[in-house]
Q: 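Quick one: the structure is below, questions incoming.
Positions are given from 1 along the sequence. Computed from a predicted structure; not experimentally measured.
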Amino acid sequence: MLRFSRKAGQDQDQAASRSMQIAFAPGSAAIAQPSRLPTLAATAATVAVLYFASEVFLPLAIAILLTFALAPVVSRLRRAGLPRSVAVIGTVATAFLFLSAFSIILAVQVSEVAQNLPTYQYNIIEKIRVLKEAGSESQIVERLSRVVERISTEISRPKPETPVSPAPEPEQKPLLVEIFSPDRPLQTLKNIIEPLLGPLATTGLVIVVVIFMLFEREELRDRFIRLVGYGDLHRTTEALQDAGARVGRYLLMQLVVNVTYGIPLAVGLWLLGIPNAILWGMLAIVLRFVPYIGPVIAAVLPLFLAFAAAPGWSLLVWTAALFIALELLSNNVVEPWLYGSRTGLSPLAIIVSAIFWAWLWGPIGLVLSTPLTVCLVVLGRHVPQFEFLEILLGNEPVLDPKERLYQRLLAGDPDEATDNAEEMLEEKYLVEFYDTVAIPALLLAQHDRIRGALTDPQVAQIAQSARTLVANLEEIAAEEEDEEEEDAGEGTGGTDEQINDYDLPLGDGKSVLCIGGRGDLDDVTASMLAQVVRVQGAEVASASHTDLKPGTIRALPLPGRNAILVSFLDPESLRHAKFIVRRLKRVAPTARIGIVLWQENGTPRAELVEELQADFVVSVIADAVREALSDEVARPRKAVRAKIAPRHQARKRRGSTGEKAPPVDEKAV
């Protein structure tokens, strides 16, 4: 019983040890994937607080953003020699005086438009009548109106009921009457002032907070560092500088873009004769802070006024043309010129953030959505707990190019993989793309296959998608081949500054055969090798790993080949590679036989050349092409001595000496 208990305890200890090894192994899910529940709970609580306490946090958010926008102006005035108080108060007073004047002009223009709207009634009715008459010729509008009338009549028809007794007369209810006395001026004044108290109080609070934030900017920064990131001053300081620079630059550049859009719009509408042109230009300046939706709203109101103000249609057409021309000019000329760097947000994140902040804080949140989201992205970039914010909202790719390509190949989508490859090939050569993206992606697939994460059908699908990718890039390979021929004809060998790891020799007069070593993925790498060698001008062919079998190897196109490249993704294929080198040396003794053992980082061991009896062993595509197009001659094939079985050796010794040989221990041999 004691022995059984001791054995059970040992088994439990071993199981606990194995579980600890799994839990703390490199790449373990327990370490690599920490629980996000506390972060999500904190995020949900923060959103709830922002929603229910919007009256407190909305002025603070406006004050913080204005502080970011005005801080560079205050810093420049301070560098110019002005005292801090003069620089801060002067900057804030100027900014709010400008905003107050802007708001007053806007309110006056809106009231004027409201007063003039009845004068446009005749033009609107006349144009609707013209449209109706134009549609009645084809009887489309008339038929649609009849259908709508019938449906509305049927819906509004009451259900007939059989009266059982005479309906009682409705009870007469007293009529409520409100007595208004014009002799109460205090009540009238109160009704006017009360709606203005809230906005005026909020404006005053924002002004005071902005002034104190600008006065104590350095002190607030130090307190924030002490509270959040005292243990990592470098990261916290970098986050604050990044947030201030991004938000301040965005607000300033967006204001400049909006002004360069609003002023020409107001001038153009005034020249066209649109009433209240100043109002529409000012509204465009404000509404363009709202991403995507703002420009549409800014264009709808002037277009409606152009429809109502003139009896003809030419004013509406010219107004629409003005908006289209200004949008094209602003989006394609002004914004790329002024934006030295972007906000770091993806287009989808801008739309989603606009919806979120509009739900949270209404129209003001819609205007503040982009700068507030920029702050969140900066927080996610520098604080590990909020890294998911940068992943969800940022515009930087979250996967490496090789991982993106592997994911598309695994999903069986070679078309998107081709699109991504063509984007990268606008800046890279084909050999560089294969070396830094495509081959590493196939190495990821090979690694997953070795550890059992991929099934055979998945490996076949990856290989087929990769073959399609290589075939789709054939046109780009042909263009690079033409460029190589032009450079060779012009005799431009390239200066020392142009020489890099991907400067490859020309292959004129050379003939190369590229073969996959052991699997379908090896065949794809052989096709990539063949494509790059062809770009260099050599005559090239590719073959599958199935052609290397003893029964089919002589059917390969071997005559006249200067080099034969055999490609392996699996690092454990050295023994198989050695057999292949022997076979190829036997059937093609004049060709240089090279083994390509693909490695993303590192170089193969120097002794592998002797171990495999190959002419060269390389690990990157550039070295493989250089060796294949080299003028060196092939190494002679070494003679292999036939091995004699142990029993035959013992029998041979016994026959020569006449003595009985000792028994041979076959297990020891």
Q: Counting C-beta onward and ignoring hydrogens, is there a side-chain heavy-atom pair between Leu405 and Lys402 closer than 4.5 Å?
A: no

Q: Can you name the nearest heavy-atom pair linking Pro440 to Tyr434, along with the distance?
A: CD-O, 3.8 Å

Q: Using the test side-chain contact (heavy atoms from CB on, under 4.5 Å), find all partners of Arg408 that sit at least two apart in sequence or belong to another chain.
A: Ala411, Asp413, Glu416, Ala417, Asn420

Q: Looking at every non-hydrogen atom in both residues, tell me the closest pair between Leu326 and Pro264 and how far apart they are.
A: CD2-CB, 4.0 Å

Q: Is there a side-chain contact between Ile64 and Phe68 (heavy atoms, below 4.5 Å)?
A: yes

Q: Hey, could you give me the CG/OG distance between Leu70 and Ser75, rounded to the nearest 0.5 Å?
A: 10.5 Å

Q: So which atom in Ala298 and which in Ala284 form the shortest heavy-atom distance, rounded to 0.1 Å?
A: CB-CA, 3.9 Å

Q: Apply the test side-chain contact (heavy atoms from CB on, under 4.5 Å) to residues Ile439 and Asp435: give CA-CA distance (whole Å), side-chain angles for both, the deciding distance (0.1 Å), then the verdict.
A: CA-CA 6 Å; Ile439 300 296; Asp435 186 37; 5.7 Å; no

Q: Applying ring pair (Phe, Tyr, Trp, His ring centres under 6.0 Å), name anything that partners Phe212, two or more places apart in sequence or on another chain.
A: none

Q: With a cut-off of 6.0 Å (strictly less than), are more than 12 heavy atoms of other residues, nucleotides or ligands near CG of Leu77?
A: yes

Q: Does the side chain of Ile274 come within less than 4.5 Å of Trp318's, by heavy atoms?
A: no

Q: Does any non-hydrogen side-chain atom of Val300 lie less than 4.5 Å from one of Val296?
A: yes

Q: Answer yes or no: does atom CD1 of Ile278 have more than 12 heavy-atom neighbours from other residues, nucleotides or ligands under 6.0 Å?
A: no

Q: Just do the side-chain contact (heavy atoms from CB on, under 4.5 Å) check on Val88 and Ile211 with the steps written out, would you?
A: CA-CA 7 Å; Val88 171; Ile211 291 175; 4.3 Å; yes

Q: Heavy-atom distance under 4.5 Å between the side chains of Met424 and Thr436, does that happen here?
A: no

Q: With a 4.5 Å cut-off on side-chain heavy atoms, are Leu393 and Ser353 touching?
A: no

Q: With Val74 as reference, evaluate Val92, Thr91, Leu82 under the side chain to side chain contact (heavy atoms under 4.5 Å, CB included) test and give the passing residue.
A: Thr91

Q: Closest heavy-atom contact between Ser465 and Gly412?
A: OG-CA, 3.5 Å

Q: Please name the pair of heavy atoms, one in Trp280 and one in Asn276, separated by the smallest distance, quoted to 0.1 Å.
A: CD1-O, 3.0 Å

Q: So, using ring pair (Phe, Tyr, Trp, His ring centres under 6.0 Å) as the criterion, who are the partners of Trp361 when residues are at least two apart?
A: Trp357

Q: Measure the acute angle between the ring planes of Tyr51 and Trp359, then classify it against the limits of 30° and 60° as parallel, tilted or perpendicular.
A: parallel

Q: Taking all non-hydrogen atoms of both residues into account, name the closest pair between Trp270 and Ala277 and its distance.
A: N-CB, 3.5 Å

Q: Is Val209 close to Pro59 at the side-chain level, that is, under 4.5 Å between some pair of heavy atoms?
A: no

Q: Quick one: OG1 on Thr418 to CG on Leu473, what's the gap to the nearest 0.5 Å?
A: 6.0 Å

Q: Should the pair Glu327-Arg288 be classified as a salt bridge under the 4.0 Å nitrogen-to-oxygen rule?
A: yes

Q: What distance do Leu205 atom CG and Leu60 atom CG have between them, rounded to the nearest 0.5 Å?
A: 7.0 Å

Q: For the OG1 atom of Thr46 and the CG atom of Leu50, what is their distance to the nearest 0.5 Å?
A: 6.5 Å

Q: With side chains defined as the heavy atoms from C-beta onward, is the minimum distance between His447 and Arg451 less than 4.5 Å?
A: yes

Q: Would you give the length of the straight line joining atom CZ of Phe57 to atom CG of Leu360, rounded to the nearest 0.5 angstrom?
A: 10.5 Å

Q: Between Thr94 and Phe98, does the side-chain contact (heavy atoms from CB on, under 4.5 Å) criterion hold? Intermediate values first, please.
A: CA-CA 6 Å; Thr94 304; Phe98 174 78; 5.6 Å; no

Q: Can you tell me how far apart OG1 (Thr260) and CG (Leu265) are? Round to the nearest 0.5 Å.
A: 11.5 Å

